[in-house]
Q: 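Shown below is the structure under consideration.
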Amino acid sequence: VATIVCFNAHPDDEALLTGGTIAKLAAEGHRVVLVVATDGIMSTAESVGQNTSRLAELRASARVLGAARVAHLGYADSGHGAVLYPDPPDRQRFARADAGEASARLAAILREEDADVLLSYDKHGGYGHRDHIKVHQVGALAADITGIRVLEATRPREQIVRIVVLLRMVRLVLRYDVGTAREDFTPRAQLTHRLNVRRYARQKRAALSAHRSQRWPASPGRAGRMFWLLTRVPVPIFGLLLGTEWFAEPGSVPGTRFRDDVLS
Ligand SMILES: [Zn+2]
């Protein structure tokens, strides 16, 4: 039995990026610990009530996926817009956090759990959210300090570019252009692990659903509607869309075939 620590930026990232991998590992009897850098709260005014609700949603998602523990590193969401807002009164935005301090907090959990593998993000932070880039930096540092093996969750860049081109043809995705997509995520040739997690599509979809505040009707914008739609598509179609999860292991030379287990 292994212990896997899955490090994410915001509540809901664990479901979208690695939900199937978490469910698979838990189903195989391994201990999965979810660490989230931020509580996913942007504003200062409503932070008290909302704060508990997004972390509560994360705990609900963890239960669906079979993760054993949820830990919050104590930071606030930095947002994805042009402006990095001032810190809330009681905590720092993750983008401003001292990387040494944040990685020491993560390393303490890795040691306490005697973790075998850390799941983090690629250096582009996937699509480039500043908190996701920070997860990569902090995860890499914590792996360095502890000597624990790290795998970076991502997707093949070429696939993302194709999807963005397609969505732009139907005039969706306005804040993300093809030029940006060409520099995000990780080129397919650098990926080392590809997991087929279609068997866990139902759990992954239910974990996404647990993040009620992020989807319509609680979140009425375009993103909230897309999120809602995703939780409504039939499980087999959901599995086709999101039933493959990808990782790159830094320092490991990609072989001719992808490995299909994060423990191998
Ligand atoms: Zn995120």
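Read the numbers this way: they start at 1 and go in the same order the structure lists the ligands and their atoms. Just so it is clear, the values below take in all heavy atoms, side chains as well, and ignore hydrogens, waters and symmetry mates. What you see is a predicted model, and the numbers here were worked out from it, not measured in a lab. FYI, the numbering just counts along the sequence from 1.
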Q: Hydrophobic clustering (ILVMFWY, side-chain heavy atoms < 4.5 Å, transitive) - are Val164 and Leu16 grouped together?
A: no
Q: Can you name the N/O/S atom of His10 that is nearest the Zn ion (ligand 1)?
A: ND1
Q: Strictly under 2.8 Å, is the Zn ion (ligand 1) approached by any N, O or S atom of Asp13?
A: yes
Q: Evaluate whether atom CG of Asn196 has more than 12 neighbouring non-hydrogen atoms of other residues, nucleotides or ligands under 6.0 angstrom away.
A: yes
Q: Distance-only, no hydrogens or angles: does the Glu158 side chain make a donor-acceptor pair with backbone N or O of Arg188 under 3.5 Å?
A: yes
Q: Look at the rings of His129 and His132 and say which category their plane angle falls in: under 30° parallel, 30 to 60° tilted, over 60° perpendicular.
A: tilted
Q: Could you tell me whether any N, O or S atom belonging to His132 is less than 2.8 Å from the Zn ion (ligand 1)?
A: yes
